[in-house]
Asker: 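Starting off with a structure, shown below.
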Amino acid sequence: MTAAAACAPHVPWSRSDALEIIARICDQPGALMPILTELVRRFGYIDPEIVPEIAESLNLSRAEVHGVISFYHDFRTTPPGRHILRVCRAESCQAVGGRALEEHARERLGVDWHQTTDDGRFTLEPVFCLGNCACSPALMVDETLYGRVTPERFDEITAATEVEP
Amino acid sequence: MKLFVPRDASALSLGADEVAARFVQALPETELVRNGSFGLYWLEPLVEVERDGERIAFGPVTPEDVRGLVECGLADDHPLCLGPTAAIDALAGQDRLTFARCGWIDPLSLDDYQAHGGFSGLKKALEMTPQAMVDEVRESGLRGRGGAAFPTGIKWQTVLDCQADQKYIVCNADEGDSGTFADRMIMEGDPYSLIEGMIIAGLATGATRGFIYLRSEYPHSRDVLNAAIGRAEEAGWLGTDVGGSGRAFHLEVFMGAGAYICGEETALLESLEGKRGMIRYKPPLPAIKGLFGQPTVVNNVISLATVPVIFERGAGYYADFGREKSRGTLTIQLAGNIARPGLYEFGFGLPLKELIEEIGGGTASGRPVKAVQCGGPLGPFLTAEQLDLPISYEDFAEGSAMVGHGGVVVFDDSADMARLARFSMEFGAVESCGKCTPCRVGTTRAYETIDRIIAGRDPEANRALLEDLCETMIHGSLCAHGGLIPYPVLSALEHFPEDFGLKGKTEANLPADQPNA
Ligand SMILES: Cc1cc2nc3c(=O)[nH]c(=O)nc-3n(C[C@H](O)[C@H](O)[C@H](O)COP(=O)(O)O)c2cc1C
Ligand code: SF4
Ligand code: FES
């Protein structure tokens, strides 16, 4: 079984688009999380240049905004690769070969956790459970979920994820 | 003829979209429903055909199987045919109350939902006083399914009794425990049951706004919930005039950002307010001072999605399932190295051994069971000899096991318990909120110590150090994250010292009085 070829889910950072997102969301209660979530969803990361604007629009200090960004695993401040691979490291997956999959992923991609491949295609992230434990080992590529992922299937999935940029 | 191919994330992870696409191509005239999953995951993707009002199941169906299935007209004698869905043993034997509709209906169809009893609980609730509603929940015996098992009716009573201009219902959909997926399944397979449960909670306690705090790892749930909320608003079930009653309930989804600790209710509330997910000191309880300082019900997805059936069938009907102070059903999630992984809803009291060996079919590898972890990553490991336990809060507490959110993860004899123990502490460190020292520093010190034991460096001295450290964490941590994470480690040490390169059993006795999750 092959994966559907997905296009890169993020667009390049744009200050004006980011400001538009902030303006659109900032009036909600607890707006900081939704703003950061939307920035990551659109651009793949939060460019630190925008922190002062976020702080100002929400009446927070820059330190507070930085504090929130650094607390959550999803809020990265540098651009990820074109696709984010999340390999489940948690117990159910470990029980059926998840550790071998972790090792295979790192070796195949030539990167460690949180790193991006030299060609900019993949960023490898660990994740603690994808809710796919009945089909372990589990892997998520951007927002596409895969189950019963053997090393061979990992290779098929990554090969099919992006044919050529 | 009507076809069903699930849209449940796990079914999709096995190629359900591709299966659906091939059926559409081969049978463009046939109606195709993208239902939720029944939770029989070894049979997913499970495709059904409805003929003469009966649903016939086929599975597991790969995209390559579709052509053959179409060519034979989805005949009963096809090797993948499982017979009528309702008669599949693994499903027919369950007590499906919370999951009564999941799999059977189109998750987004309000008509389907109502045809299967949906909103009849809410309609009854609308005729009741808030106090009568809270009493109904209390009499059902429902206890929180998120982990701490606190009686839901008592929590609602506290919020009802508070005077405030604004109260909130917060659904905890962070489902961070490894080995669990019941929240995800119900959100994707029967989202209106959660929405209905939240509306009833709002009417009962006087809360007019609700939030579903959803973990970011669940994009499929996010999409289904947002679509379901939109349709429920359009149909007048949500908004300023719930079901024509003149009462308001507004609901929205709030996305988490990858932090296990935000499943703890006070960290979750901090996060909902746009802050770091740091644990709050209790008291005050969230029921008294919760979101934005207002009285707030925080309940797990399964707790809330169970409320409609309690109102529909009556508190007594629900309470008749189960035993002692474990009333109703538990939505067990069976995972790990197991032949038939999936969602099993049973009245409390089912023996754990029967679940694993008979219902679950033993390990997937066919090798002997070595250990079982119940209750997520903070739950202790049980040995194969400890499985004679009935699944209930009381029996588990006595057998030093944890029910938690109902996850059961099975390991065969190839599991290395020392590495699993090391992983527990590493996970504990990565996901610590950092507010208190025993957990922030202790988790890292603990896995470093496990590394030294495994490496054979001063193993006995380091074992003593590790046990000490665990004691400190159990008694000195501010919340159950640091307070419980030592249990899997101590249980691994106690039962499997040889995996650590240690001899003999340790002295460490697991204290029976575990802090609440
Ligand atoms: C570390 C930690 C993680 C938790 N994670 C979750 C979770 O993911 N989902 C959940 O419903 N409850 C979780 N809980 C329990 C919540 O704090 C809280 O008890 C629950 O949401 C209350 O709802 P209930 O009474 O319906 O179970 C967690 C608790 C702790 C200590
Ligand atoms: S035990 Fe851990 S997670 Fe809980 S408050 Fe302390 S540091 Fe935070
Ligand atoms: S433990 Fe890997 S998906 Fe749940």
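Naming: A, B, ... by sequence-line order, numbering from 1 per chain.
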Asker: Under a 4.5 Å heavy-atom cut-off, does chain A meet the side chain of B:Asp177, its backbone, both or neither?
Answerer: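 For B:Asp177, the backbone is the part near chain A, not the side chain.
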
Asker: Could you tell me which of A:Glu143, A:Glu91, A:Glu64 has the largest number of non-hydrogen atom pairs under 4.5 Å with chain B?
Answerer: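 Greatest number of close heavy-atom pairs with chain B: A:Glu91.
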
Asker: What distance separates B:Ile186 CD1 from B:Cys102 SG, expressed to the nearest 0.5 Å?
Answerer: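 Interatomic distance, B:Ile186 CD1 to B:Cys102 SG, rounded to 0.5 Å: 5.0 Å.
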
Asker: For each of A:Cys135, A:Gly97, A:Ala90, tally heavy-atom pairs with chain B at distances under 4.5 Å, and name the one with the top tally.
Answerer: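 Looking at each option in turn, the highest pair count goes to A:Cys135.
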
Asker: Specify which of A:Met140, A:Gln28, A:Arg89 makes the most heavy-atom pairs with chain B at under 4.5 Å.
Answerer: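 Looking at each option in turn, the highest pair count goes to A:Arg89.
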
Asker: How many angstroms lie between CG in B:Leu225 and CD in B:Glu252, if you round to the nearest 0.5 Å?
Answerer: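 The CD atom of B:Glu252 is 12.5 Å from CG of B:Leu225, to the nearest 0.5 Å.
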
Asker: For chain A, find which of B:Ala259, B:Ala364, B:Ala257, B:Ser216 contributes the most heavy-atom pairs closer than 4.5 angstrom.
Answerer: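 Top count of heavy-atom pairs under 4.5 Å with chain A: B:Ala257.
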
Asker: Among the options B:Ser365, B:Gly342, B:Ala9, pick out the one with the most heavy-atom pairs lying under 4.5 Å from chain A.
Answerer: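 Of the candidates given, the most pairs with chain A belong to B:Ala9.
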
Asker: What part of A:Val127 lies closer than 4.5 angstrom to a heavy atom of chain B: side chain, backbone, both or neither?
Answerer: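 For A:Val127, side-chain heavy atoms alone lie under 4.5 Å from chain B.
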
Asker: Between B:Leu334, B:Asp8, B:Val430, which shows the greatest number of heavy-atom pairs under 4.5 Å with chain A?
Answerer: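 The answer is B:Val430.
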
Asker: Counting only N and O atoms by type, is there a donor-acceptor contact under 3.5 Å from the side chain of B:Gln333 to the main-chain atoms of B:Phe181?
Answerer: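 Looks like yes, one N/O pair under 3.5 Å.
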
Asker: Name the region of B:Glu270, side chain, backbone, both or neither, that has any atom closer than 4.5 Å to a heavy atom of chain A.
Answerer: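 Contact with chain A is absent: no heavy atom of B:Glu270 under 4.5 Å.
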
Asker: What distance do B:Ile279 atom CD1 and B:Leu269 atom CG have between them, rounded to the nearest 0.5 Å?
Answerer: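 Nearest 0.5 Å value for the CD1-CG distance: 10.5 Å.
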
Asker: Kindly check if the number of other-residue, nucleotide or ligand heavy atoms within 6.0 Å of CG (A:Asp112) is above 12?
Answerer: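 Buried by this count: over 12 neighbours within 6.0 Å.
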
Asker: Between B:Pro341, B:Ala182, B:Gly39, B:Ser424, which residue shows the highest count of heavy-atom pairs closer than 4.5 Å to chain A?
Answerer: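 With the most close heavy-atom pairs to chain A, the winner is B:Pro341.
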
Asker: For B:Ile261, which atoms come within 4.5 Å of any heavy atom of chain A: side chain, backbone, both, or neither?
Answerer: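 Just the side chain, heavy atoms under 4.5 Å.
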
Asker: Examine whether an atom of B:Leu272 lies under 4.5 Å from a heavy atom of chain A, and if so say whether it belongs to the side chain, the backbone or both; otherwise answer neither.
Answerer: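 The backbone, not the side chain.
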
Asker: With chain A, which of B:Tyr260, B:Phe411, B:Trp42, B:Phe423 has the greatest number of heavy-atom pairs at distances under 4.5 Å?
Answerer: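 Of B:Tyr260, B:Phe411, B:Trp42, B:Phe423, B:Phe423 has the most heavy-atom pairs under 4.5 Å with chain A.
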
Asker: Here's a test for you: under side-chain contact (heavy atoms from CB on, under 4.5 Å), which of A:Leu139, A:Leu85, A:Thr144 qualifies with A:Ile157?
Answerer: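 Option passing the side-chain contact (heavy atoms from CB on, under 4.5 Å) with A:Ile157: A:Leu139.
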
Asker: If you count heavy atoms of other groups shown closer than 6.0 angstrom to CD of A:Glu49, is the number above 12?
Answerer: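 Atom CD in A:Glu49 is crowded, with more than 12 foreign heavy atoms closer than 6.0 Å.
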
Asker: So what's closer than 4.5 Å to chain A heavy atoms on B:Thr363: side chain, backbone, both or neither?
Answerer: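 Contact with chain A: none, neither part.
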
Asker: Sort out for me which of A:Leu60, A:Ile69, A:Val68 touches chain B most, counting heavy-atom pairs under 4.5 Å.
Answerer: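 With the most close heavy-atom pairs to chain B, the winner is A:Val68.
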
Asker: With a 3.5 Å distance limit and no angle check, can you tell me whether A:Ser92 reaches the backbone of A:Cys133 through a side-chain donor-acceptor pair?
Answerer: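 Flag set: sc A:Ser92 to bb A:Cys133 pair under 3.5 Å.
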
Asker: Checking heavy atoms, do the side chain of A:Ser136, its backbone, both or neither come under 4.5 Å from chain B?
Answerer: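 Answer is neither: A:Ser136 stays 4.5 Å or more from chain B.
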
Asker: For the candidates A:Asn132, A:Val96, A:Val149, which exhibits the highest count of non-hydrogen atom pairs separated by less than 4.5 Å from chain B?
Answerer: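 Of the candidates given, the most pairs with chain B belong to A:Asn132.
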
Asker: May I ask you to check whether over 12 heavy atoms, not counting those of A:Glu56, lie within 6.0 Å of atom CD?
Answerer: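 12 or below, so no.
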
Asker: Checking heavy atoms, do the side chain of A:Arg99, its backbone, both or neither come under 4.5 Å from chain B?
Answerer: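 When you check distances to chain B, only side chain atoms of A:Arg99 fall under 4.5 Å.
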
Asker: Is it the backbone or the side chain of B:Cys262 that comes under 4.5 Å from a heavy atom of chain A, or both, or neither?
Answerer: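 The side chain, not the backbone.
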
Asker: Looking at CG of A:Asp74 and CD of A:Glu125, how far apart are the two atoms once the value is rounded to the nearest 0.5 Å?
Answerer: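 That separation rounds to 8.5 Å.
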
Asker: I'd like to verify something: which residue of B:Glu175, B:Arg215, B:Arg419, B:Met278 has the highest number of heavy-atom pairs under 4.5 Å with chain A?
Answerer: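 Winner by heavy-atom pair count: B:Arg419.
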
Asker: Go through the side-chain N and O atoms of B:Glu431 and B:His481 and say whether any donor and acceptor fall under 3.5 Å apart.
Answerer: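 No, because no side-chain N or O of B:Glu431 sits under 3.5 Å from a partner of the opposite role on B:His481.
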
Asker: Under a 3.5 Å threshold, yes or no: a donor from one side chain and an acceptor from the other, between B:Ser10 and B:Arg184?
Answerer: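 Yes, because at least one side-chain N or O of B:Ser10 sits under 3.5 Å from a partner of the opposite role on B:Arg184.
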
